[in-house]
Q: 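Mind looking over this structure? Questions follow.
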Amino acid sequence: MEIPKTYDPKQAEEGHYSRWEREGCFAPEANGDPQAPVYSIVIPPPNVTGSLHMGHALQHTVMDVLTRYHRMRGFRTLWLPGTDHAGISTQIMVERQLKKEEGKSRHDVGREEFVRRVWAWKEQYGGEITRQMRREGASVDWSRERFTMDERLSRAVREFFVRCYEEGLIYRGPGMINWCPKDQTALSDLEVEKEPTRPDESKLYYLQYPVKGGDGRVTVATTRPETMLGDTAVAVSPKDERYAGLIGQTLLLPVVGREIPVVADEFVDPEFGTGAVKVTPAHDPADYAMGQRHGLPQVQVIDQHARMTAEAGAEFEGLDRYEARKLVVEKFEGLGLLEKVADYEFSITKCGRCRTVIEPLVSTQWFLKQAELGREPLRLIREQHEPRFVPENPYEKVYENWLAGLYDWTLSRQLWWGHRIPAWYDEAGNVYVARTEEDARAAAGTDRLEQDPDVLDTWFSSALWPVSTLGWPDEDSPDLKTFYPTSVLVTARDIIFLWVSRMMMTGVKFAGEKAFDDVFITGTVFDKHGQRMSKTKQNGVDPLDVFDKYGVDATRLVLASIGSTDTRWNDNQVESYRNFANKIWNAARFCLLNSEGAEVGRGFEGEPERWALHDRWIVSRLNKTAREVASAVEAYQFHEAVYALYHFFWDDFCDWYIELSKSDVTAEAAGPGRDAARSRVLTVLEQALRLLHPFMPFITEELWQRLPGVGKESLHAAYRAAEVTPTVMLAGFPRADEALIDERAEAEMRAVIELVSRVRNIRTELSVKPGEYLPRLFVGTPDGRLRHVFANSAEQITRLTRASKVYVADRLESFAGGANGGNPDGVDIPRASARAVLAGGAEVAVPLEGLIDFAQERARITREREKQERELQKAEAQLSNPQFVERAPAEKVEELRRRAAEAGQRIKALGEMLEALGE
RNA sequence: GCCCGCUUAGCUCAGUGGUAGAGCACGCGCUUCACACGCGCGGGGCCAAUGGUUCGAAUCCAUUAGCGGGCACCA
């Protein structure tokens, strides 16, 4: 068998995925066990316009690990993929293309044609992210792929809308909304962002309004002077004594000449500014509310293009809002009514998409009363902590606080791409909300209906994603019955409100149950300077580049380790896991190059008590690792799983087990002993590949396929009937067998490892040439069992320390003195030996005639003795504290006593060593 | 303004009441027949500061500082 020395990820990433997909391995139908428990995840649908970024890769890795793990555990597992139509983004992208290629606007081609072109665009370019997901190894069920504008999902949207309308949860009416003058649409509060002002914007203007019938003036402070053209009142706090006499009086609005009242309102903070607030009900959310309370008229002075209207006056009409601001300030200055301009930092609301400054406008839109839909989710989180957030802090609280403060959601968007609002108007302007146009006609009794031109917020359809993708509103949909509620939602924290909370609302309302049991919130990946990765900053790391450079599996290990932690991206980490992949490759290479006569699943016959120590040990380590990985994955502690796998594979399996087994595995002579040893390393490797598979699907499959003795019977029982090429992804995930976890074997192996390490350390410190053989090693231990262990492992100890022979006795002293009473071979330990103490009272001596500098050696041992003395002192100080002995748990006291005793023993042994060296 | 999180080895991060950990980086030595993307050995941290609780605190509490988030109709 030809196996390259270096793992080539590209080669392994090429073939397996398409076979898995083709053979239906990703579909829950592969599971033939009718009793199988169910595990399901719906993907947060990426924008159809999007391409893969690190955040996706992180989420997808987490979801894929969970999916593959549960699949291997025999769950009927579904991970459902799909994409989101992403209203504004997609529309803008196609508009841009239209402009560039044909020089036309969407209005030039008309609505119907434009929407047709968006669909065409989607068909042509929309699949990019789904191709990239295949590259990631994402084991999603492509046969169930969904798009938010699919006919069936659109039906769900209409059903949701109509039902809410019928219950009075959705209404149409005027309201204060966020208007983007560039995108020409209303936006919800979650689609806008606050930004701090630049220095040149950070101004607060103090304007004076004269009191009618007197020479008094009232000063108001504003950041937006141009809105004064639409002022219809000035408000003061009812508690503010300074203005008590002014309430009810009339002011003359400068420039405009309108008479406006002074009203009292609790909202006004007497401490801020002048304590008097200009009120512009048509252009400020707070003023709108005040206007409602006091029955003030609304004067719209700014239009949808952020230009001044005719109502702003002839001088201002047509001016941009910032030009108008300048002019207003000039006018006030000319009138002597500009009191001052102060520096003042505040925040400006901008469109989350295009960064244009939002214009608050009063407009007739469709709204959803979220507070009512949110009531049950709020109860669930408060009373039952459902869904369970991971990490719980701070997300559960963030989510709860959000639900507790819900307000109406602006649903309608003045776009062409999206779900058209299912509302029709007759010529008299009556509205008919219906599931279909036919229903609307029937209700209206006429065919002469116009459908509402607006579309719904993209997040409206997203809110239905878990139910709509599984078949709702068909309540007897088998998928809905089987896979709902989903097991976990994996997403980033910035859409907890936009999306997570709303899925819970629709889920409890329409499916009668929470949409998911758990919510796993992934961390954020920053660049190496701690900056958020963004397109505009050009500082993003493209996951596909990382895949190309280091391989998908290595990247996935990094991402899985990141999990819920915010992290600065660092290629070094990926490189080290690339090295790990190569390590796996080469360990397998060794096993395979020595696999003649071997077969996976054999070699561990008979009672474990009769196995060699290192076999009992590796099986124990394997089972512990299986236990750790399983509990870590189930607790979403992926870094713990990765850590356990990395160290099991590299340290336990490669550094020790393979090395300990090497002479048996590579023995010249074929025979049952060699076959068994070869089978054992193969078997451990095969189990390790299964454990690694959820994290590293490609390399594990590539290697697993090459193992002798794997086949259909290796698959988890639930998949044996499936017509698939045997694959590790459908093999059973190793279940920890507690009976095979052998603490004694682990302790004994630790002793062997320590012995080997100490001897190697001595070799290095005394500059013994790597190739040179130590003629003899002496080991003394009072522990009879350990003496057996060392004696039984003599071949391995000598090989791993490059020694020719190892002698074991009850104590080093037994070898000393020339009488040779204690040891069978009758050898003495020469004075020129390096010595060290080991755990549990064991000692080792390494004769190094000619290499020992006695003074140096004495110094080395003296240093060690001093260290032990400090240890002992510390322990004794604590033990002589009666408070400690009295109050600390008995086991802790006991442990400290043990440590003190051991230190004492070591000090004594080191003293004897000094004597043996000769003072 | 309110709320929350973070601060541990040069870097990226684990740990979380009872002798400080990993990977990378670093030093020394190795073409040891799976692997130099490797092997062996090693150096490196008063766990942000101060105070408190405790027999014991990097770990719990409080305050402070720095960094980062979220929420808020203060014009």
Side-chain angles (χ1 to χ4, degrees), chain A residues 3 5-7 176 194 204-205 220-224 227 235 267-269 271-280 284-290 344 346-347 360 391 393-395 397-398 401-402 405 493-494 496-497 524 526 528 530 532 550 554 558 561-562 565-594 637 639-640 642-643 646-647 654-655 658-659 662 666 756-757 760-765 767-771 799-800 802 871 874-875 878 881-889 891-893 895-896 899:
Chain A
I3 305 169
K5 277 189 167 192
T6 306
Y7 170 55
M176 174 61 67
K194 301 268 173 110
L204 188 59
Y205 302 85
V220 295
T222 180
T223 55
R224 298 196 61 194
T227 61
F267 162 76
V268 180
D269 173 8
E271 304 295 317
F272 187 89
T274 63
V277 185
K278 63 189 273 310
V279 183
T280 322
D284 181 275
D287 293 5
Y288 176 78
M290 253 193 287
Y344 177 62
F346 57 105
S347 57
N393 280 315
Y395 302 115
K397 213 168 152 190
V398 166
N401 289 345
W402 171 254
R493 63 169 151 260
D494 51 353
I496 291 177
F497 307 146
T524 307
F526 300 102
K528 63 179 169 194
R532 192 173 276 275
Y550 301 104
V558 174
S561 314
I562 288 172
T565 317
D566 288 354
T567 300
R568 298 177 183 210
W569 186 263
N570 189 343
D571 268 7
N572 289 338
Q573 192 76 20
V574 201
E575 196 177 333
S576 88
Y577 287 132
R578 188 268 319 260
N579 297 349
F580 179 50
N582 195 53
K583 189 73 182 178
I584 296 170
W585 181 260
N586 275 288
R589 183 168 184 262
F590 171 79
C591 296
L592 290 170
L593 290 174
N594 295 288
Q637 301 296 305
H639 60 281
E640 284 178 9
V642 171
Y643 183 94
Y646 185 93
H647 290 286
C654 293
D655 286 353
I658 288 184
E659 293 305 328
K662 224 165 207 174
T666 61
V756 170
S757 299
R760 284 170 170 174
N761 168 255
I762 287 170
R763 290 183 62 113
T764 304
E765 284 202 19
S767 306
V768 178
K769 295 213 169 57
R799 186 158 42 79
L800 297 180
R802 288 217 153 208
E871 190 79 8
K874 230 170 85 180
Q878 211 176 343
N881 178 354
Q883 303 261 43
F884 170 73
V885 180
E886 201 176 303
R887 300 197 190 182
E891 64 178 88
K892 295 293 175 192
V893 179
E895 191 190 313
L896 196 61
R899 253 172 24 216

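Numbers restart at 1 for each chain; the letters A, B, ... are given by sequence-line order, proteins then strands.
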Q: I want to check one thing: is the phosphate of U19(B), taken as OP1 and OP2, less than 4.0 Å away from some side-chain N or O of R899(A)?
A: yes
Q: In B/S/- notation, 5' to 3', how is nucleotides 26-35 of chain B contacted by protein heavy atoms closer than 4.0 Å?
A: ---S----BB
Q: Assign F497(A) to base, sugar-phosphate, or nothing according to its heavy-atom contacts below 4.0 angstrom with the strands shown.
A: sugar-phosphate
Q: Looking only at the side chain of Q637(A) (C-beta and beyond, no hydrogens), which of the listed nucleotides G40(B), G42(B), G15(B) gets closest?
A: G15(B)
Q: Whole angstrom is fine here: how far is it from CG in D566(A) over to C1' in A14(B)?
A: 15 Å
Q: May I ask you to say what Y7(A) touches in the nucleic acid, namely base, sugar-phosphate or nothing, with a heavy-atom cut-off under 4.0 Å?
A: nothing
Q: At less than 4.0 Å, is any side-chain N or O atom of N401(A) found next to OP1 or OP2 of G70(B)? Yes or no.
A: no
Q: CG of N572(A) versus C1' of C11(B): gap in Å, rounded?
A: 8 Å
Q: Starting at CG of N579(A) and ending at C1' of C37(B), how long is that distance when rounded to a whole Å?
A: 4 Å
Q: Going by an N to O cut-off under 4.0 Å, is there a salt bridge joining E871(A) and K874(A)?
A: no
Q: Would you mind reading off the distance between R578(A) atom CZ and A36(B) atom C1', rounded to a whole angstrom?
A: 12 Å
Q: Given C4(B), U19(B), G15(B), which nucleotide is nearest the side-chain atoms of H639(A)?
A: G15(B)
Q: Specify the separation, in whole Å, of atom NZ of K874(A) and atom P of A20(B).
A: 6 Å
Q: Classify N881(A) by what it touches in the nucleic acid, base, sugar-phosphate, or nothing, heavy-atom distance under 4.0 Å.
A: sugar-phosphate
Q: What contact category does Q878(A) fall into here, base, sugar-phosphate, or nothing, at under 4.0 angstrom with non-hydrogen atoms?
A: base
Q: Measure the distance from CZ on F580(A) to P on C37(B) and round it to the nearest whole Å.
A: 17 Å
Q: Select base, sugar-phosphate, or nothing to describe what E871(A) touches, counting heavy atoms under 4.0 Å on all strands.
A: base
Q: Given A75(B), is OP1 or OP2 found less than 4.0 Å from the side-chain N or O atoms of Y344(A)?
A: yes
Q: Please answer whether the main-chain N or O of A276(A) pairs with a side-chain N or O of T274(A) as donor and acceptor at a distance below 3.5 Å.
A: yes
Q: Expressed in whole Å, how much space separates the C1' atoms belonging to U64(B) and G56(B)?
A: 25 Å
Q: Return the value, rounded to whole Å, for the distance between atom NE2 of H647(A) and atom P of C13(B).
A: 18 Å
Q: Between H639(A) and Y643(A), does the ring pair (Phe, Tyr, Trp, His ring centres under 6.0 Å) criterion hold? Intermediate values first, please.
A: CA-CA 6 Å; H639(A) 60 281; Y643(A) 183 94; 8.9 Å; no
Q: Go through the structure and list residues passing side chain to side chain contact (heavy atoms under 4.5 Å, CB included) with E659(A), not counting sequence neighbours.
A: K662(A), L800(A)
Q: Mind checking if P889(A) touches a base, just sugar-phosphate, or nothing, with heavy atoms under 4.0 Å?
A: base
Q: Identify which nucleotide among A75(B), G18(B), C11(B) has an atom closest to any side-chain atom of N570(A), counting heavy atoms from C-beta outward.
A: C11(B)
Q: Classify the angle between the aromatic ring planes of Y646(A) and F580(A) as parallel (below 30°), tilted (30 to 60°) or perpendicular (above 60°).
A: tilted
Q: Quickly work out the D494(A) CG to G70(B) C1' distance and round it to whole Å.
A: 12 Å
Q: Is there a donor-acceptor contact under 3.5 Å from the side chain of N586(A) to the main chain of N582(A)?
A: yes
Q: Consider the side chain of R493(A), meaning its heavy atoms from C-beta on, and name the nucleotide among G69(B), A75(B), C4(B) that approaches it most closely.
A: G69(B)
Q: For RNA chain B, list all stems, counting runs of three or more consecutive pairs where every pair is Watson-Crick or G-U wobble with both distances under 3.5 Å.
A: B:1-7 with B:65-71, B:10-13 with B:21-24, B:26-30 with B:38-42, B:48-52 with B:60-64
